Amino acid sequence: MSERHDMRIYVAGHRGMVGGAILRQLEARGTNELINRTSAELDLTDQDAVRDFMQTEKPDAVILAAAKVGGIVANNSYPAQFIYENLMIECNVIHQAHAAGVQKLLQLGSSCIYPKHAPQPMAEDALLTGTLEPTNEPYAIAKIAGIKLCESYNRQYGRDYRSVMPTNLYGPGDNFHPENSHVLPALIRRFHEAAQQGLDEVAIWGTGTPMREFLYVDDMAEASLFVMDLDDETYQRETQPMLSHINVGSGSDVTIRELAETVARTTGFNGKLSFDTSKPDGTPRKLMDVSRLSRLGWEAKTGLEEGIRRTYEWFLTQDAAELRER
Ligand SMILES: NC(=O)C1=CN([C@@H]2O[C@H](COP(=O)(O)OP(=O)(O)OC[C@H]3O[C@@H](n4cnc5c(N)ncnc54)[C@H](OP(=O)(O)O)[C@@H]3O)[C@@H](O)[C@H]2O)C=CC1
Ligand SMILES: C[C@H]1O[C@H](OP(=O)(O)OP(=O)(O)OC[C@H]2O[C@@H](n3cnc4c(=O)[nH]c(N)nc43)[C@H](O)[C@@H]2O)[C@@H](O)[C@@H](O)C1=O
């Protein structure tokens with residue numbers, strides 16, 4: 001789809017980690033006219049503003065990578081913002097895209113849509129089969145609604161709105177806020193600062209026993225465009241009208257302790273790890289079954305150690321003022 005030369009593509013969330021990576025890959029193709037707005041220019045929770053934007057710009061395709069995003073403590077601390085802002089962004093962008101005649105849309109959900117104790121690895125049909133992880137249930141409900149919004153507009157209006165479910169993502173452009181960020185950027189920053197200050201101990205949140213799967217953001221961007229470009233016959237061969245989402249992951253996971261040890265090695269920290277069990281562990285494990293996507297022809301390329309090395313290299317090029325903290 002986005003290979004066509006005359007496509008006007010709106011990338012919502014283009015300043016974010018994922019939106020930025022998608023924009024870079026689209027720019028490298030040089031084959032499309034790209035439209036983007038910052039949240040200050042266009043607040044996607046504002047229905048009238050989104051309607052006016054879509055009616056004016058009438059993009060040929062939309063990639064929805066804008067959302068209220070954060071780690072386990074941010075989700076647990078701001079549940080109303082996570083459910084409200086994400087529901088509003090999805091409803092406004094998806095409905096106003098339809099109202100403006102946009103035929104093609106891709107939205108990003110999250111692996112947290114699956115039940116806390118879903119059998120591992122979690123296939124797409126595990127959706128709605130059990131209770132969710134409390135620390136991110138509001139966000140997960142919003143993400144599940146996003147899938148069902150796309151499916152409903154496809155079924156009633158014949159749209160081609162697709163959903164990808166990313167695992168935990170990391171890479172250049174991530175959020176490095178000490179409290180609100182995800183685990184990988186948080187540990188990169190904490191270990192880096194500890195090594196710089198000569199500290200001999202770094203605290204890790206939780207018990208270190210949960211397992212997480214990680215995907216480098218450039219792989220996620222490539223997978224997003226891969227799914228967007230799939231011809232209808234291929235896409236419909238692997239999805240159903242009411243089970244349309246596609247898991248995107250690396251296919252392997254590590255414990256938080258193993259992750260911390262890898263980040264320590266990469267940043268040159270040689271001290272001890274301690275575990276702050278006053279912080280939540282969250283879901284014990286959320287490894288996704290990515291066989292639907294691999295049958296479609298895509299697999300992740302960047303291993304975790306290499307991805308962390310690249311992210312740390314990029315981190316070192318940023319001065320404190322440039323580091324995004326959200
Ligand atoms: N990071 C991760 O580990 C994972 C992310 N995802 C999903 O991937 C997508 C991208 O995540 P990620 O890149 O990490 O997120 P970021 O926080 O890096 O970027 C989110 C972007 O959304 C934009 N945004 C937020 N609220 C609004 C608003 N009200 N109006 C307009 N724009 C808004 C921001 O724009 P601005 O900068 O202009 O304010 C920001 O650039 C999201 O849908 C997220 O749920 C899914 C699984 C894991
Ligand atoms: C992508 C995903 O991200 C979130 O779910 P999560 O994976 O639980 O998030 P997380 O990356 O914050 O934590 C993963 C694990 O890591 C441990 N941990 C250790 N030390 C730090 C630390 O310093 N910071 C953080 N954030 N976590 C830490 C932490 O205790 C937990 O056990 C939700 O947004 C969810 O909705 C979602 O979509």
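In this text, all values refer to a predicted model and were calculated from it rather than measured experimentally. Start at 1 and go down the list; that is how both ligands and their atoms are numbered.
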Checklist entry - In ligand 1, which numbered atoms sit nearer than 4.0 Å to a non-hydrogen atom of T167? => result 47 (C), 48 (C)
Item to check | Close approach of V217 to ligand 1, heavy atoms, under 4.0 angstrom | outcome: no
Next on the checklist: Suppose I only count heavy atoms of T45 and a 4.0 Å limit; which atoms of ligand 1 are within that range?
Outcome noted: 29 (N)
Checklist entry - Are K143 and ligand 1 in contact, using a heavy-atom cut-off of under 4.0 Å? => result yes
Next on the checklist: If you measure every N or O of A66 against every N or O of ligand 1, does any of those distances drop under 3.5 Å?
Outcome noted: no
Item to check | Pairwise side-chain contact, Y10 with I63, heavy-atom cut-off 4.5 Å (strictly under) | outcome: no
Checklist entry - Do NZ/NE/NH1/NH2 and the carboxylate oxygens of K286 and E133 come within less than 4.0 Å? => result no
Item to check | Those atoms of ligand 1 less than 4.0 Å from some heavy atom in T38 | outcome: 38 (O)
Checklist entry - Would you say L44 has any N or O atom under 3.5 Å from an N or O of ligand 1, going by distance alone? => result yes
Checklist entry - Going by heavy atoms, is D43 under 4.0 Å from ligand 1? => result yes
Checklist entry - Purely on distance, is any nitrogen or oxygen of T167 under 3.5 Å from one on ligand 2? => result no
Next on the checklist: Does the Lys NZ or Arg CZ of R189 fall within the cation-pi geometry relative to F315 - under 6.0 Å from the ring centre and within 45° of the axis?
Outcome noted: no
Next on the checklist: Between L296 and V227, is there a side-chain heavy-atom distance shorter than 4.5 Å?
Outcome noted: no
Checklist entry - Using heavy atoms and a threshold below 4.0 Å, how should the contact between S111 and ligand 2 be classified: side chain, backbone, both, or neither? => result neither
Next on the checklist: What protein heavy atom lies closest to atom 4 (C) of ligand 1? Include the residue and the distance to one decimal.
Outcome noted: L169 CD1, 3.8 Å
Checklist entry - Mind checking whether Y139 has a heavy atom under 4.0 Å from ligand 1? => result yes
Next on the checklist: Between T267 and Y312, does the side-chain contact (heavy atoms from CB on, under 4.5 Å) criterion hold? Intermediate values first, please.
Outcome noted: CA-CA 7 Å; T267 55; Y312 186 50; 3.7 Å; yes
Item to check | Atoms of ligand 2 close to D281 [distance to a heavy atom under 4.0 angstrom, numbered from 1] | outcome: 31 (C), 32 (O)
Checklist entry - Can you tell me if G109 has a non-hydrogen atom under 4.0 Å from ligand 1? => result yes
Checklist entry - Salt-bridged, R212 to E258, with N to O below 4.0 Å? => result no
Item to check | Check ion pair R265-E261 (N to O, under 4.0 angstrom) | outcome: no
Checklist entry - Do ligand 1 and S39 have nitrogen or oxygen atoms that lie under 3.5 Å from each other? => result yes
Next on the checklist: Salt bridge or not between D229 and R29? Use side-chain N to carboxylate O under 4.0 Å.
Outcome noted: yes
Checklist entry - Has ligand 1 got any nitrogen or oxygen that is less than 3.5 angstrom from a nitrogen or oxygen of R37? => result no
Checklist entry - Under 6.0 Å from the six-membered ring centre of Y235 and within 45° of its axis: does the NZ or CZ of R162 meet both? => result yes
Next on the checklist: For a quick test of reading the model, state the closest non-hydrogen atom pair linking L287 to Q120 and the distance between them.
Outcome noted: N-OE1, 2.7 Å
Checklist outcome for this item: Honestly, for A74 the part within reach of ligand 2 (heavy atoms, under 4.0 Å) is neither
Checklist entry - Heavy-atom contact under 4.0 Å between H182 and ligand 1? => result yes
Checklist entry - Considering only heavy atoms, does K286 approach ligand 2 within less than 4.0 Å through its side chain, its backbone, both, or neither? => result side chain
Checklist entry - Can a salt bridge be assigned to the pair E313 and R310 using a cut-off of 4.0 Å between side-chain N and carboxylate O? => result no
Checklist entry - Within the distance-only criterion (no hydrogens, no angle test), does the side chain of E124 pair as donor or acceptor with the backbone N or O of M165 below 3.5 angstrom? => result no
Checklist entry - For ligand 1, which atoms, with element, lie under 4.0 Å from some heavy atom of A65? => result 9 (C), 10 (C)
Checklist entry - Is at least one protein non-hydrogen atom found at under 4.0 angstrom from atom 31 (C) of ligand 1? => result yes
Checklist entry - Would L42 count as a contact of ligand 1 if the rule is a heavy atom under 4.0 Å away? => result yes
Checklist entry - Below 3.5 angstrom, do we get any N/O pair linking G16 and ligand 1? => result yes
Checklist entry - Applying a 4.0 Å heavy-atom criterion (strictly less than), which segment of R212 is in contact with ligand 2: side chain, backbone, both, or neither? => result side chain
Next on the checklist: Using a 4.0 Å cutoff against the non-hydrogen atoms of N75, which atoms of ligand 2 qualify?
Outcome noted: 33 (C), 34 (O)
Next on the checklist: Keeping R285 on the side-chain end and M211 on the backbone end, is there a donor-acceptor pair under 3.5 Å?
Outcome noted: no
